[in-house]
Amino acid sequence: MKKSNSSPRSPRKTPRKSSRNGRRPWFWRFFFRFAAIGFVLLVGWTVYLDAVITSRFEGRRFEVPSRVYARPLELYDGAGISSGGLERELQLAGFRKGDGSRAGTYRRSGGHFVISTRGFQFPDGREPKRRLALNIYGDRVQDFSVLSGEASPIVRLEPAQIGGIYPSHKEDRILVQLEEVPALLPATLMAVEDRNFYDHFGIAPLSIARAMLANIRAGEIVQGGSTLTQQLVKNFFLTRDQTLLRKGNEAIMSILLEMHYEKEDILETYLNEVYLGQAGTRSINGFGLASQFYFGESLKDLDVHQIALLVGMVKGPSYYNPRRHPDRAMERRNLVISEMEEAGLIDSVRAARARGLPVGVSGKPSYSENRYPAYIDLVRRHLARDYREEDLRSEGLRIFTTLNPAIQYAAEYAVTDTLPRLASGETREALEAALVVTAKDSGEVLALVGGKDPQFAGFNRALDANRPIGSLIKPFIYLSALEQPERYTLITPVLDKSFALEFDDGRRWEPKNYDTKERGEVPLHEALSHSYNLPAVRVGLDVGVGVVKETLQAFGVTSGISEYPSMLLGSVSMNPVTVAQMYQGLATSGFNTPLRTIREVTDPKGEALSRYSLEVDQVADPAAVHLVQYAMQETMQEGTGRSAYYTLPKELALAGKTGTTDDGRDSWFAGFSGDLLAVAWVGRDDNGPTSLTGASGALPVWSRFMARVPQHGLSPVVPDGVNYHWVNSERQALTDEYCDNARLVPMIAGSEPDQTVSCSGTLQRRIQGWFEGFFQ
């Protein structure tokens with residue numbers, strides 16, 4: 001009997017079923033655990049991104065640079081300015097040639113101007129828009145009138161922006177609020193970049209899908225699906241890397257942004273953030289600045305074709321740069337205009353008209369970051385006394401300076417045009433210069449040139465070149481003496497004869513005149529006007545080196561001054577700005593006026609933060625200073641400065657002083673008219689010798705500058721206690737006007753000579769004196 005195999009067979013698949021059932025729980029456990037961990041990480045990452053978004057949006061969103069303005073140009077009947085000067089100032093302030101009807105344009109026909117101003121918020125109030133007409137004859141404004149707008153006899157033009165103090169990342173922007181933006185701009189932006197902006201929640205999946213499909217078909221990136229919110233997130237928080245991680249972060253942050261903030265808030269931030277070009281190292285961010293940068297106009301004044309161009313540039317600011325690629329930019333602009341028409345934002349007539357207009361950008365930006373680097377350098381140093389650098393870079397301050405563009409232009413021209421004429425060969429190549437110009441009475445710095453290339457933002461010689469000042473010190477030696485009228489007057493004889501000083505350590509010092517000649521006794525005024533060394537040292541030693549040092553300090557010198565006798569020949573080193581500060585006191589009759597580059601600082605809304613008012617401190621006897629001014633005028637008429645009148649008109653009264661150091665290493669000239677004080681320096685950075693003196697180097701630069709600027713001659717007021725007398729300097733006596741050797745000299749009351757000498761005089765002099773006396 002066979003063994004039955006009927007016993008039930010164990011199912012062979014059972015173990016397999018058990019095996020599969022055993023793996024599934026493991027897999028799912030792993031999956032769910034992984035998912036849970038991923039979810040926790042995602043939540044944590046989202047919380048982190050949320051914190052990033054809210055912290056940036058809740059705080060200060062933008063670092064806004066400080067803007068530095070020139071002084072405003074005032075137009076009125078009688079204002080002094082040439083036709084060329086007015087046109088340069090208009091262009092510097094961003095005005096464009098046009099019909100003179102549109103804000104920010106002007107029309108010129110010879111000396112006739114029609115100007116439409118934009119209006120401007122000054123610290124002391126708003127200057128409204130106006131349309132002006134005027135004529136310029138002989139460097140003066142005539143027939144000034146206001147054609148439209150509020151009538152006024154004086155109108156201030158919008159000041160030129162001459163620079164900025166930028167954040168370290170060099171972003172520049174003008175913040176705008178949504179209500180200030182023309183409605184057509186955001187409408188066009190949405191029509192072109194994000195039609196469903198007000199409907200999506202930060203991302204638009206259908207738009208992304210459409211873009212992906214279009215890109216797959218084209219085989220390249222031809223369409224983007226990013227919303228305005230995503231674009232803002234990418235620019236504001238992320239990099240431009242094309243990675244999945246970045247795209248994921250962008251989507252999450254876009255949704256979070258929409259959850260926290262209103263659409264209008266997001267849109268306004270976008271309008272201020274979007275990148276629209278580059279100006280050197282400075283990036284142009286936001287439509288507010290782009291409007292000024294490309295058109296020289298306020299955003300609210302833009303026309304249809306201008307709005308279309310800016311919106312079109314969002315896609316690629318460099319690729320569609322209208323200055324570099326005008327045809328490409330026009331094609332893109334016209335495409336945007338068509339989309340505006342299609343979206344119903346403009347009708348077909350406006351669209352056709354807009355398409356027919358040129359690109360219309362200004363030839364160059366209305367201002368350059370580096371237009372006046374030496375002057376901006378001085379402004380920053382003055383600001384550093386009161387403001388932190390980080391505040392200047394981020395708070396959007398408005399800094400109103402004293403720079404006069406017309407005078408700055410003349411100063412730059414004087415340096416660049418004159419310097420190549422002063423020497424030849426290697427010396428000419430090595431020559432450098434600096435020029436400082438101030439308003440004589442107020443101490444406002446009107447112009448500053450820091451080198452032979454005024455636009456080079458490097459070593460600023462006006463501030464950092466500390467060089468021996470040579471004979472520029474002599475007026476202060478004689479001032480120290482003339483403040484002792486019982487001992488010194490302008491006719492006091494001083495000895496022009498060599499001598500030697502022996503020091504305790506055995507050293508010996510023997511000063512000499514520049515021409516090595518000796519003249520015996522000469523009157524003090526002649527010793528100063530002809531810049532003789534020996535009398536200056538003798539007088540300085542007589543009154544005391546320490547006294548001369550105190551005089552220099554009283555006039556604003558804060559750097560160290562040695563009390564060696566060589567100081568009396570100008571071995572003390574100063575920069576041109578310090579020299580200008582020192583001479584300011586001489587020009588203002590002994591009233592020290594700290595030099596100013598800033599009139600006012602305001603916050604972005606125009607609220608005043610600091611006012612820098614005129615400060616005056618009397619540091620010397622006006623009577624003694626008046627005597628020094630007399631001798632400095634004689635310097636220009638008879639002494640070392642007389643060659644200035646080869647360039648300047650004879651009738652322009654001036655006062656000045658030359659300065660030269662050994663081997664012509666430094667050539668100086670400091671002088672003033674009734675309106676301006678200017679200090680010029682010429683030399684080499686390597687301190688090498690030149691063949692120049694103060695009269696042949698710095699004076700030509702100074703004269704050429706003075707000749708290009710309308711101004712009044714010096715006419716100093718005679719202070720109380722000073723009387724003019726006819727004197728005979730050689731005999732130290734009062735004399736008659738018609739006598740030979742008679743000179744009309746100011747003298748402090750009580751210091752007049754006791755003696756009187758008379759003479760017969762020539763008949764002509766006697767008749768002339770009789771008539772002059774009759775009509776006085």
Side-chain angles (χ1 to χ4, degrees), residues 70-89 111 136-142 154 375 401-415 417-418 434-449 576 579-581 583-589 591 593 595-597 614 625-626 629-630 632-637 641-658 669-680 698-717:
R71 67 92 183 86
L73 175 64
E74 294 184 343
L75 294 177
Y76 53 92
D77 268 328
I81 191 167
S82 66
S83 297
L86 177 55
E87 185 158 28
R88 277 194 297 276
E89 288 227 18
I136 294 182
Y137 300 107
D139 293 346
R140 294 284 168 188
V141 173
Q142 296 185 17
I154 302 176
Y375 190 90
T401 73
T402 59
L403 180 126
N404 183 318
I407 290 180
Q408 177 71 27
Y409 177 82
E412 292 180 3
Y413 181 85
V415 170
D417 186 61
T418 310
L435 184 61
V436 182
V437 185
T438 68
K440 184 179 80 71
D441 294 326
S442 67
E444 291 187 336
V445 182
L446 306 177
L448 193 79
V449 180
V579 172
Q581 175 66 77
Y583 269 74
Q584 195 75 33
L586 286 183
T588 53
S589 302
F591 292 88
T593 307
L595 299 188
R596 293 184 299 153
T597 55
L614 178 66
V625 175
H626 185 79
Q629 288 179 343
Y630 173 91
M632 291 176 68
Q633 291 180 77
E634 185 181 318
T635 299
M636 303 303 295
Q637 295 160 0
R642 59 187 181 280
S643 62
Y645 287 107
Y646 298 159
T647 307
L648 292 158
K650 297 282 185 190
E651 60 273 16
L652 183 65
L654 299 164
K657 184 70 192 77
T658 53
F669 192 84
F672 45 93
S673 66
D675 302 317
L676 302 175
L677 179 147
V679 174
L699 180 57
V701 174
W702 186 91
S703 304
R704 194 170 292 266
F705 161 72
M706 284 291 196
R708 294 183 64 87
V709 181
Q711 58 191 302
H712 301 92
L714 178 65
S715 180
V717 176

Query - Distance (rounded to the nearest 0.5 Å) between Glu444 CD and Thr401 OG1 - result: 9.0 Å
Query raised in the report: About how many Å separate CG of Asp675 and CG of Leu446, when rounded to the nearest 0.5 Å?
Result: 10.0 Å
Query raised in the report: Looking at side-chain heavy atoms only, is the closest gap between Ile154 and Glu74 below 4.5 Å?
Result: yes
Report task. Look up atom CG in Leu654 and atom CH2 in Trp702, then write down how far apart they are to the nearest 0.5 Å. Result -> 4.5 Å
Query - Side chain to side chain, Leu586 and Met632, heavy atoms closer than 4.5 Å - result: yes
Query raised in the report: Looking only at heavy atoms, which two atoms of Ala698 and Phe669 are closest? And how far apart?
Result: CB-N, 3.4 Å
Requested in this report: Check the side chains of Gln711 and Ser673 for a donor-acceptor pair under 3.5 angstrom, ignoring hydrogens and angles.
Outcome: yes
Report task. Answer whether the closest heavy-atom distance between the side chains of Val437 and Val679 falls below 4.5 Å. Result -> no
Requested in this report: Work out which heavy atom in Ala580 is nearest to a heavy atom in Leu595; give both atom names and the distance.
Outcome: CB-CD1, 4.1 Å
Report task. Calculate, to the nearest 0.5 Å, the distance between atoms OG and OH belonging to Ser82 and Tyr137 respectively. Result -> 15.5 Å
Requested in this report: Report the distance from atom CD1 of Ile136 to atom CD of Glu87, rounding to the nearest 0.5 Å.
Outcome: 10.0 Å
Query raised in the report: Do we see a donor-acceptor contact under 3.5 Å between the side chains of Gln408 and Glu412?
Result: yes
Query raised in the report: Would you say the side chain of Leu448 lies within less than 4.5 Å of the side chain of Leu435, judging by non-hydrogen atoms?
Result: no
**Report entry** For Phe672, all residues meeting ring-ring contact (aromatic ring centres under 6.0 Å, His included), sequence neighbours excluded
**Finding:** none
**Report entry** Where Gln633 and Pro716 come nearest, the two heavy atoms and their spacing
**Finding:** NE2-CG, 3.9 Å
Query raised in the report: Using a distance-only test with no angle check, is there a side-chain donor-acceptor pair under 3.5 angstrom linking Thr402 and Tyr375?
Result: yes
Query raised in the report: Which atom pair, heavy atoms only, marks the closest approach of Ser589 to Val625?
Result: CA-CG1, 3.6 Å
Query raised in the report: Distance from Ile81 atom CD1 to Leu86 atom CG, nearest 0.5 Å?
Result: 5.0 Å
Query - Flag, side chain of Arg71 to backbone of Leu403, donor-acceptor distance under 3.5 Å - result: no
**Report entry** Residues which pass side chain to side chain donor-acceptor pair (under 3.5 Å) with Thr418, listed by chain and number, not counting sequence neighbours
**Finding:** Arg704
Report summary line: Closest heavy-atom pair, Leu614 versus Ser442, reported as atoms and distance to 0.1 Å, is CD1-O, 3.2 Å
Query - Steps toward side chain to side chain contact (heavy atoms under 4.5 Å, CB included) verdict (Leu75, Leu73) - result: CA-CA 6 Å; Leu75 294 177; Leu73 175 64; 4.0 Å; yes
Requested in this report: Heavy atoms only: give me the nearest Lys657-Thr635 pair and the separation to one decimal.
Outcome: CA-CG2, 4.5 Å
Query raised in the report: Can a donor-acceptor pair be found between the side chains of Gln584 and Thr438 at a distance below 3.5 Å?
Result: yes
Query raised in the report: So, do Leu699 and Ser643 sit near enough that their side-chain heavy atoms are less than 4.5 Å apart?
Result: yes
Query - Glu89 and Asn404, any side-chain heavy atoms less than 4.5 Å apart - result: yes
